[in-house]
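Below: the structure, in structure tokens.
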Amino acid sequence: MDYDSDERLKEWAEKLDKMKGELSVQKIVDELYDWTARRMEDAKENDSKADEMLLKRCAYHGLNFAAPFIVMRHWDKMKQDGNYWCGEFETDHYFGAMAENYFDNKLKDASVNVQRKQKTFEAFERLPDVFTTEDVVRCFQLRNVAAAYMRISRLQRDHLIVKDEDFADGTTKSRYRKTGVMMC
């Protein structure tokens, strides 16, 4: 780091140390709950107790790591009150990226000597860019279409896929398209 970076970090640390009030995190907690539930389903399907344990820690650490950055992004809404800074603003969904990063880093730490990818990531990579429910059953090695619909729903909520089109093939079916990359 250079001198200017050190000074900026010191300045932010001093500002954050002089804050008072509460940070409203309900929106983040709601997002955190949903994100964790989806990841726990992945861990269950991958039969990974290690991932489940990491996920239980991820929420706590992700929120703690994210909070100062949330405040920093909304600093323009803060006002000085004597020696302290205070203000109100609505928090955003910044937690998701921090939690993903924390979880990914812990997975890497846990598997330093072991080369592995979760079944979920491998299955997502096997999906073609445009795919059907039957492709999900095949690639994720699911037992039935109902399980595929649950997987599709989670992938949509994670913004990794979108419904592309409906088509008729004796019955009405849907095609989906990948929009993101699942990081492992």
Side-chain angles (χ1 to χ4, degrees), residues 24-63 65-66 69-70 73-74 89-111 114-184:
S24 173
V25 293
Q26 189 59 50
K27 188 183 277 190
I28 298 170
V29 169
D30 293 343
E31 178 75 13
L32 161 66
Y33 184 86
D34 293 341
W35 180 89
T36 302
R38 293 190 305 271
R39 297 294 75 74
M40 289 298 275
E41 284 295 319
D42 291 342
K44 182 179 177 183
E45 289 175 8
N46 291 328
D47 192 27
S48 176
K49 300 291 184 206
D51 288 354
E52 287 180 26
M53 291 191 56
L54 286 172
L55 283 163
K56 290 175 183 177
R57 291 176 39 194
C58 183
Y60 172 79
H61 292 292
L63 184 57
F65 293 149
F69 294 101
I70 293 167
R73 277 202 329 279
H74 296 283
F89 56 87
E90 189 169 319
T91 56
D92 46 30
H93 296 281
Y94 190 72
F95 168 80
M98 294 296 284
E100 291 277 359
N101 190 39
Y102 175 81
F103 186 66
D104 290 344
N105 287 342
K106 288 300 176 189
L107 280 176
K108 289 175 191 168
D109 291 348
S111 63
V114 179
Q115 185 74 11
R116 74 169 180 91
K117 281 190 175 180
Q118 291 182 348
K119 291 185 257 182
T120 303
F121 299 125
E122 292 171 346
F124 186 78
E125 288 176 4
R126 283 194 299 265
L127 275 176
D129 287 339
V130 176
F131 58 92
T132 64
T133 306
E134 289 78 16
D135 292 323
V136 174
V137 170
R138 179 179 47 77
C139 292
F140 282 85
Q141 300 174 345
L142 301 173
R143 294 185 179 156
N144 55 47
V145 176
Y149 286 128
M150 287 177 27
R151 170 62 64 178
I152 287 168
S153 176
R154 285 201 310 269
L155 292 170
Q156 285 176 314
R157 285 188 307 233
D158 288 339
H159 307 287
L160 294 171
I161 66 171
V162 293
K163 188 174 184 180
D164 203 28
E165 66 177 333
D166 289 329
F167 66 96
D169 185 18
T171 62
T172 302
K173 295 184 178 183
S174 299
R175 283 192 182 94
Y176 301 89
R177 181 175 36 87
K178 288 182 178 180
T179 59
V181 176
M182 187 175 273
M183 306 298 278
C184 61

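No experiment lies behind these values; they were computed from the predicted model shown.
- Thr179 places a side-chain N or O within donor-acceptor distance of the main-chain N or O of His159, the cut-off being under 3.5 Å.
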Could you go step by step and tell me if Arg154 and Asp42 meet the side chain to side chain contact (heavy atoms under 4.5 Å, CB included) rule?
-> CA-CA 9 Å; Arg154 285 201 310 269; Asp42 291 342; 3.4 Å; yes

Test Tyr176 against Val136 for side chain to side chain contact (heavy atoms under 4.5 Å, CB included), laying out the working first.
-> CA-CA 10 Å; Tyr176 301 89; Val136 174; 5.8 Å; no

Candidate pair Leu142 and Tyr149, rule side chain to side chain contact (heavy atoms under 4.5 Å, CB included), full reasoning = CA-CA 10 Å; Leu142 301 173; Tyr149 286 128; over 6 Å; no

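- The number of heavy-atom neighbours closer than 6.0 Å to CE of Met53, taken from other residues, nucleotides and ligands shown, is 12 or below.
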Start with the C-alpha distance between Asp135 and Arg175, add both sets of side-chain angles, then the distance that settles salt bridge (Lys or Arg N to Asp or Glu O under 4.0 Å), and finish with yes or no.
-> CA-CA 10 Å; Asp135 292 323; Arg175 283 192 182 94; over 6 Å; no

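- For CG of Asn144, the number of neighbouring non-hydrogen atoms (other residues, nucleotides, ligands) closer than 6.0 Å is greater than 12.
- Once rounded to the nearest 0.5 Å, the distance linking CG of Leu54 with CZ of Arg39 reads 13.5 Å.
- Heavy atoms of other residues, nucleotides or ligands lying less than 6.0 angstrom from CZ of Phe167 number more than 12.
- The NZ atom of Lys49 sits 9.5 Å away from atom NZ of Lys44, with the distance rounded to the nearest 0.5 Å.
- Of all non-hydrogen atoms in Cys139 and Ala123, the two that sit nearest each other are O-CB, 3.3 Å.
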Show the numbers, then the answer: is there a side chain to side chain contact (heavy atoms under 4.5 Å, CB included) between Leu127 and Phe140?
-> CA-CA 9 Å; Leu127 275 176; Phe140 282 85; 3.8 Å; yes

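- Residues Asp158 and Arg38 form a side-chain contact, since some pair of their non-hydrogen atoms from C-beta on lies under 4.5 Å apart.
- One distance of note links NZ of Lys173 with CG of Asp166; it measures 12.0 Å at 0.5 Å rounding.
- To the nearest 0.5 Å, atom CD of residue Glu122 and atom CD of residue Gln141 are 9.5 Å apart.
- A donor-acceptor pair is defined here as one N or O able to donate and one able to accept, closer than 3.5 Å; such a pair exists between the side chain of Lys178 and the backbone of Phe124.
- Here the straight-line distance linking atom CH2 of Trp35 with atom CE of Met40 works out to 10.5 Å at 0.5 Å rounding.
- Interatomic distance, Ile152 CD1 to Thr133 OG1, rounded to the nearest 0.5 Å: 4.0 Å.
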